[in-house]
Amino acid sequence: MLTEEQLESLRFPVGRWQKPEVVTADDWAEHLATLAGFPARLRKRLAHANDAQLDTPYRPDGWTVRQVVHHCADSHMNCLIRLKLSLTEDKPTIKPYAEELWAELPDYILPLEPSLRLLDGIHERISYLLTHITPAQRAREYIHPQYQSIFSIDQVVSLYAWHCKHHFGHVGLVVAKPQ
């Protein structure tokens, strides 16, 4: 049986996200690089994974690697939409979704390629969008009703860069680094 500390380490392999008060220019550049590189890094890590690995949970009562990859596509689609809402509306209230229920839907047993293609396109769009907005636009915000919190685009970019690392860490718990 795993200890609480061990479960926490499996659940958050890169630690928990901390909402930044300020995102520096260096932070912004690092976050953009993480977002831009995520699909390729994930593809490389998964290139030789077999179905047994893909259908293995990364922790007890956790999602399988396959579910994690499909979740990333769904989550990052939502990210793109939330960014666009923030850029085009005055402090919109975004729509949360029940990610744990989405992970139980039939499309989460598909091969990975449809979600990997989505991630390629979504991250290309997010990267292009974020490299072409102004500092004033980075301060635009949305309201997340589930967390009863306001997030700036700077903070959202920090969150999704962390999200990439977080789930890449989950995949790495099951699928070894390629040789």
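Below, each value reflects all heavy atoms present in this structure, side chains not excepted, and no hydrogens, waters or symmetry copies.
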If only atom types and distance count, is the side chain of W162 paired as donor or acceptor with the main-chain N or O of V157 below 3.5 Å? no
Run the side chain to side chain contact (heavy atoms under 4.5 Å, CB included) test against K44 and tell me which residues pass, sequence neighbours left out. P178
Residues P145 and I143: closest non-hydrogen pair is CD-O, 3.4 Å
With rounding to the nearest 0.5 angstrom, report the OG1 to CD1 distance, T131 to I126. 12.0 Å
Residues at least two apart in sequence or cross-chain that pass side-chain hydrogen bond (donor to acceptor under 3.5 Å, both in side chains) with S158, listed by chain then number, are W17
Tell me which pairs pass salt bridge (Lys or Arg N to Asp or Glu O under 4.0 Å) where either residue lies in residues 160-175, with sequence neighbours left out. E30-K165
Got a sec, which hydrophobics cluster with F38, joining ILVMFWY side chains under 4.5 Å apart, including via others? L2, L7, L10, L42, L46, L54, Y58, W63, V65, V68, V69, L112, L116, L119, F168, V171, L173, V174, V175
Not counting sequence neighbours, list each pair that qualifies as a salt bridge (Lys or Arg N to Asp or Glu O under 4.0 Å) and has a residue in residues 100-119. R43-E113
Heavy-atom closest pair (S115 atom, H70 atom, distance to 0.1 Å) is OG-ND1, 2.6 Å
Output every pair passing salt bridge (Lys or Arg N to Asp or Glu O under 4.0 Å) with a member in residues 1-13, not counting sequence neighbours, ordered by first then second residue. E8-R16
From M77 CE over to I81 CD1, what is the distance, rounded to the nearest 0.5 angstrom? 7.5 Å
Could you pull out the closest heavy-atom pair between H144 and P96, with the gap in Å? CE1-CB, 4.0 Å
Does K19 have any side-chain hydrogen bond (donor to acceptor under 3.5 Å, both in side chains) partners at least two apart in sequence or in another chain, and if so, which? S149
Sequence neighbours excluded, which residues qualify as side-chain hydrogen bond (donor to acceptor under 3.5 Å, both in side chains) partners of H163? H71, H76, H167
Excluding sequence neighbours, so at least two apart, what forms salt bridge (charged side-chain N to carboxylate O under 4.0 Å, His left out) with K91? E141
Nearest 0.5 Å please: distance from the CG atom of L118 over to the SG atom of C72. 12.0 Å
Sorted by chain and number, sequence neighbours left out, salt bridge (charged side-chain N to carboxylate O under 4.0 Å, His left out) with D51 holds for R66
Is it the case that over 12 heavy atoms from other parts of the model lie below 6.0 angstrom from the CG atom of D90? no
Cut-off 3.5 Å, side chains only: do S75 and N78 have a donor facing an acceptor? no
Rounded to the nearest 0.5 Å, what separation is found between the CG atom of L87 and the CG atom of L129? 5.5 Å
Can you hop from L83 to Y97 via hydrophobic side chains spaced under 4.5 Å? no
Can you sort out the partners of R138 under side-chain hydrogen bond (donor to acceptor under 3.5 Å, both in side chains), two or more places apart, ordered by chain and number? D154
Working to the nearest 0.5 Å, report the span between CG of L159 and NE2 of H166. 10.0 Å
Atom CZ of R45 with >12 non-hydrogen neighbours under 6.0 angstrom: yes
Should L35 and C164 be marked as a side-chain contact (heavy atoms from CB on, under 4.5 Å) after you check the CA-CA gap, both sets of side-chain angles, and the distance that decides it? CA-CA 7 Å; L35 289 167; C164 292; 3.9 Å; yes
Taken in chain and number order and not counting sequence neighbours, the residues that satisfy side chain to side chain contact (heavy atoms under 4.5 Å, CB included) with P92 are L85, E89, Y142
More than 12 heavy atoms of other residues, nucleotides or ligands under 6.0 Å from CD1 of I109: is that the case? no
Are the side chain of R59 and the backbone of H170 linked by a donor-acceptor contact shorter than 3.5 Å? no
Exam field: side chain Q137 to backbone T134, donor-acceptor pair closer than 3.5 Å: yes
Just so I know, are the side chains of T64 and T56 near enough to count as touching, which here means a heavy-atom distance under 4.5 Å? no
Does C79 reach the side chain of V156, with side-chain heavy atoms less than 4.5 Å apart? yes
Distance in Å, I153 CD1 paired with Y160 OH, rounded so as to fall on 0.5 Å steps: 12.5 Å
